[in-house]
Amino acid sequence: MVEMLARQDPEIAAAIASDVRRQTDELNLIASENYASSAVLEATGSVLTNKYAEGYPGRRYYAGCENADAVETLAIDRVKELFAVEAANVQPHSGSQANMAAYFATLTPGDRILGMQLDQGGHLTHGSPVNFSGKLYEFASYGVLREEETIDYDAVATTAREFKPALIVTGATAYPRLIDFARFREIADEVGALLMVDMAHIAGLIAGGAHPSPVPYADVITSTTHKTLRGPRGAMILSRRPLARKVNSAVFPNMQGGPMIHAIAAKAVAFGEAATPEFRSYAAAVVSNAKALAGALTTGGLRIVSGGTDNHLMLVDVSTRDLTGQEAEDALRAAGIVANKNAIPFDPLPPRVTSGVRLGTPALTSRGMGAGDMDTVAGFILEAIDSTGNDSALASIRGRVQRFACDFHVPGVD
Ligand code: DSN
């Protein structure tokens, strides 16, 4: 297959080969990325990409959908069992589309939503004015406590009482602590709101028993499938049975056309993998690695937002080293460590600069690294941050990073 691509389109083949080397040589600490297994990649690259299958299993608008039906039914059944939910839609192409469909299923444009502030850990689709969510719905937001840097649940309750949202959204892209879903349910019940949980970042931890599940509390749950869950790029919506018809029609025909059956096949494979004892160990290791990395960075003198982590990620405040998030991201990259700048709570700097870096352990853990290796990774990070602006020092770290990284196999790469 790869040989065929190299012959027919050497430019694209070269870019793919170059990314295989990049993914192998560098340490990936982007908290939302991971490595899919060979089986997931094989399903993603299968002939199922050729098939149109608008509709749902047994109710398609095209002939020849018997295999698409089998694949989508398996994906739905597996994800329902994995998360112990009543209903699932596995067709959303992305997390943003899953969130859009969840809003369409539960609200009318103009309705009120209470979501987490983007610069305190939320997501664009949780009400940013530059996103469809902030344009179609009226949003109020909640954030974290200034001292503790953990969700201010009392403020969530007060704002909910005043604002009277139809829906409360929780879930985050840059929040390192456990989320108290029971408390959110209590607040939603008090004000008569529905509760939506966007569990994209932590879905794999929940599947593997390393984070409490939102399922007993949420009316609707959205998630991507490619982060801690280690599936293909894509998304899904889980719900209680009474909401299932609305969710299905919000996805198709309201928002999407033909589902990507090849991606749904790969989602089914990933759901199968996530149900194994090996995946439970993986999820536990992601969290223990994050704790080990945060501990080693703290020992090295860096300030970790909220003092540590309970999940797969941490936010490092690099302002204490007189650096911006952008400068730290650039120094890390020059040293062969991939991470992203990220706002920290109450960040005085704009989103393209920031005072922080977000670090996550899902990808390194997929390569088989353990808590002991996190000391080595922390050493590289500390050295790179302290070498900002010193190109030769960063190049020397890069060489050592590459030699270290190459000892760990990248899943999906021969
Ligand atoms: N882009 C994702 C992240 O990095 O967290 C969120 O959608």
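When a ligand or atom number is given, it counts from 1 through the structure's own listing order.
At least one heavy atom of His201 sits under 4.0 Å from some atom of ligand 1.
Where the criterion is an N or O separation shorter than 3.5 Å, residue side chain and backbone included, Thr173 fails it with respect to ligand 1.
Residue His123 approaches ligand 1 through these ligand atoms, each under 4.0 Å from one of its heavy atoms: 6 (C), 7 (O). Each of the following atoms of ligand 1 lies closer than 4.0 Å to a heavy atom of Ser32: 3 (C), 4 (O), 5 (O). Which parts of ligand 1 touch Arg358 is read off a 4.0 Å heavy-atom cut-off, strictly below it: atoms 3 (C), 4 (O), 5 (O).
The distance between the ring centers of Tyr137 and Phe132 does not fall below 6.0 angstrom. Separation of the Phe184 and Tyr142 ring centroids falls under the 6.0 Å cut-off. For Phe279 and Tyr282, the gap between ring centers is short of 6.0 Å.
Under a cut-off of 6.0 angstrom, the local environment of NZ in Lys246 is sparse, with at most 12 non-hydrogen atoms contributed by other residues, nucleotides or ligands.
Per-atom contact check: atom 1 (N) of ligand 1 does not touch the protein, criterion being a heavy-atom distance below 4.0 Å.
Results of the side chain to side chain contact (heavy atoms under 4.5 Å, CB included) test with Met236 over Val85, Ile264, Leu229 single out Leu229 as the only residue that passes.
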